[in-house]
Amino acid sequence: MPSKPAPIKKAAKKEPAKKEEEKAPVPAPEPAPVPAPAEAAPAEAAPAGEAPAEGAAPAEGEAPAEAPAPEEPKPPTPPPPPKEPTSAPVDLFVEDKNDTSVTIIWSQPETIGDSGLDGYVIEVCKDGTEDWKAVNEALQKASRFVIKNQTIGDRLKIRVVAVNEGGRSPPVTLPEPVLVKEVADRPKVRLPRFLRQRYVAQVGEKINLTIPFTGKPKPVVSWTKNGAPLDPKRVNIRSTERDSILFIRSSERDDSGVYEICVKVEGFEDKASLTLQIVDLPGPPSSVKIVDTWGFNVALEWTAPRDNGNTEITGYTIQKADKKTGDWFTVLEHYHRLNATISDLIMGNTYKFRVFSENKCGMSESAAVTKEEAKILKTGIDYKPPEYKEHDFNEAPKFTTSLSDRATTVGYNTKLLCSVRGFPKPKIEWMKNQMIIGDDPKFRQICVQGICSLEIRKPGNFDGGVYSCRAKNDHGEAIVSCKLDVKQPVNPDGDKK
């Protein structure tokens, strides 16, 4: 009885293998040999439930399972497009320059692209050559750069290149070479305010005047005096980039004049002038003489000095001296005229006079003295006392204070007062109701220094009436009157009854 053929195992599904194949294509395996038909058995002959476990190795003598068909490989990913540089920077021009550096500015390229912009390279070369050299060690981020340490007078060609990952952009170049020199600035002399008017100094003073100015490059400064060059033995000039100093160690009157400073920059210039006046003490008046003498007075005249000290004369000082003592005394100071009258001289004395000149520096060191002398003569004088008219003090009586009406009570003393003046002293009379009181002891009459008083002692009911005071002298009389009212005392107890 022939043996039963072994069941054919189906190949297990391998999903992970497919994923690996998708990731990387693997060459197809060699085809397995086809088994003989006699040995093959139908798959249906295998009893159900005896299926081999997945992944089990085929039994000996069994043919291997068929491999799955390989997938087609995917096409490779195309490389990224090459990176491109930016376009050239724009608007390159010179912002400033001086004798050692040039400052340039520019604008960023119009087209930058995806690669961005890393910075700029600034290159220079001398005019007439093509030896371009970068002047910045690291890429310049800003759109402004100062090219330093250049030699004055060089002509430089300048260009700027933008740099990114794509490389260097086309350069932007200045249209013309740049001459390394300071930009010319018009000169301007700034004369100090106190020098815009006449500057006055005394002989022997030190003169040190600083005149500031502006201008680029360094201006050329020159000085003149009255249109002629300065004398280096008398005047020292020291100039810097900003000012010029005029120095005179010890001034003299010959140093007076108009000094002019001229500041030049290339084709431009500016001028300013100052007037220096060196003054000194004046000389004495040319002459002085006595013109006239009368009483206790002397008239003098003199002439102006020949040397005014290089400034105007402000006045004169006149002094006198008695021949006996010889001491000089000042009688007039700061006197402006050329003649004067000296008064209050002492009778019998002989005088000499001298005159000094004055200016803003002071008084002259010497004076002009009169050659002749003035003698005040003693003259006979008859004293005539003045006639005075005697004052007439005679005056008629006049009351300066009149009597006033009074009211009094029975039994209480009262007094009437008035005042009178007149010369000779007037006679005073008191009257009651036009009757002269006389020496009645009831009344007390007093008149002292024109004050007249009448005291009525314990007046009664019949003492009321009109009282008068009459003043009489040789020149007339005056009278004043008043009314006296005598009242009964009030009895409170009587009112109650």
Side-chain angles (χ1 to χ4, degrees), residues 19-27 71-188 214-219 241-242 264-268:
K19 290 182 180 180
E20 291 178 2
E21 290 173 1
E22 290 178 3
K23 292 180 181 179
V26 181
E71 294 185 2
E72 295 181 1
K74 289 185 178 181
T77 303
K83 297 180 179 180
E84 296 182 355
T86 67
S87 62
V90 295
D91 300 334
L92 173 64
F93 63 90
V94 176
E95 183 187 38
D96 190 16
K97 65 177 182 176
N98 55 33
D99 53 356
T100 59
S101 64
V102 178
T103 303
I104 58 174
I105 58 174
W106 63 90
S107 300
Q108 67 180 12
E110 295 179 354
T111 304
I112 295 179
D114 297 335
S115 300
L117 177 62
D118 294 339
Y120 302 95
V121 175
I122 296 88
E123 298 177 341
V124 300
C125 76
K126 292 186 178 181
D127 188 23
T129 67
E130 294 298 327
D131 184 15
W132 292 94
K133 294 181 180 179
V135 292
N136 55 325
E137 297 178 357
L139 291 179
Q140 175 71 7
K141 301 295 183 181
S143 298
R144 183 179 182 275
F145 189 78
V146 180
I147 305 172
K148 300 179 180 179
N149 302 324
Q150 300 301 311
T151 305
I152 188 169
D154 285 352
R155 288 184 172 273
L156 300 179
K157 294 190 292 185
I158 304 173
R159 70 184 183 184
V160 179
V161 178
V163 179
N164 64 2
E165 294 181 359
R168 293 163 55 94
S169 71
V172 58
T173 309
L174 287 175
E176 295 181 358
V178 179
L179 177 62
V180 179
K181 72 169 187 176
E182 195 165 8
V183 178
D185 186 11
R186 284 179 175 268
K188 178 66 177 177
T214 58
K216 291 183 179 180
K218 181 180 178 181
E241 295 181 355
R242 298 181 179 180
K264 292 184 179 180
V265 174
E266 295 184 354
F268 307 103

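What you see below is based on every heavy atom in this structure, not just the backbone, and it leaves out hydrogens, waters and symmetry mates. The chain is numbered in sequence order, starting from 1.
Atom CG of residue Asn164 and atom CD of residue Glu84 lie 9.5 Å apart, to the nearest 0.5 angstrom. Summarising the geometry, atom CD1 belonging to Ile122 is positioned 12.0 Å from atom CZ belonging to Arg159; distances are rounded to the nearest 0.5 Å. Here the NZ-CG distance, from Lys126 to Leu156, works out to 8.0 Å after rounding to the nearest 0.5 Å. For the atom pair Glu123 CD and Asn136 CG, the distance stands at 8.5 Å (nearest 0.5 Å).
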Exercise. Determine, stepwise, if the pair Val180 / Val102 fulfils side chain to side chain contact (heavy atoms under 4.5 Å, CB included).
Key: CA-CA 7 Å; Val180 179; Val102 178; 4.3 Å; yes

Practice problem: Step by step, work out the side chain to side chain contact (heavy atoms under 4.5 Å, CB included) result for Leu92 and Thr173. | Solution: CA-CA 7 Å; Leu92 173 64; Thr173 309; 5.7 Å; no

Exercise. Show your working on side chain to side chain contact (heavy atoms under 4.5 Å, CB included) between Gln150 and Thr100 and close with a plain yes or no.
Key: CA-CA 5 Å; Gln150 300 301 311; Thr100 59; 5.8 Å; no

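Nearest heavy-atom pair, Ser87 versus Pro109, reported as atom, atom and distance to 0.1 Å: O-CB, 3.1 Å. Residues Val121 and Ala134 share a closest heavy-atom pair of CG1-CB, 3.8 Å. Here the closest heavy-atom approach between residue Val265 and residue Lys216 is recorded as CG1-O, 2.9 Å. Between Arg168 and Pro85, the closest heavy-atom pair is O-CB, 3.5 Å. Among all heavy-atom pairs drawn from Thr86 and Ser169, the shortest one is O-CB, 3.1 Å. Nearest approach of Val90 to Gln108, heavy atoms of both residues: CG2-O, 3.6 Å.
Two residues are said to be in side-chain contact when any heavy atoms from C-beta on lie closer than 4.5 Å; Ser143 and Ile105 fail this criterion. Residues Phe145 and Tyr120 fail the side-chain proximity criterion, which asks for heavy atoms closer than 4.5 Å.
The salt bridge (charged side-chain N to carboxylate O under 4.0 Å, His left out) check on Lys148 picks up nothing, with sequence neighbours excluded. The side chain to side chain donor-acceptor pair (under 3.5 Å) search around Glu130 returns Trp132, Lys157, not counting sequence neighbours. Take Glu95 and apply the side chain to side chain donor-acceptor pair (under 3.5 Å) test, not counting sequence neighbours, and it matches Arg144.
The only option from Ile147, Ile104, Val178, Asp131 that meets the side chain to side chain contact (heavy atoms under 4.5 Å, CB included) definition with Val124 turns out to be Ile147.
Between Glu241 and Lys218 there is no salt bridge, since no side-chain nitrogen of the basic residue lies less than 4.0 Å from a carboxylate oxygen of the acidic one.
Summarising the local packing, CD of Gln140 is surrounded by more than 12 heavy atoms from other residues, nucleotides or ligands at distances under 6.0 Å.
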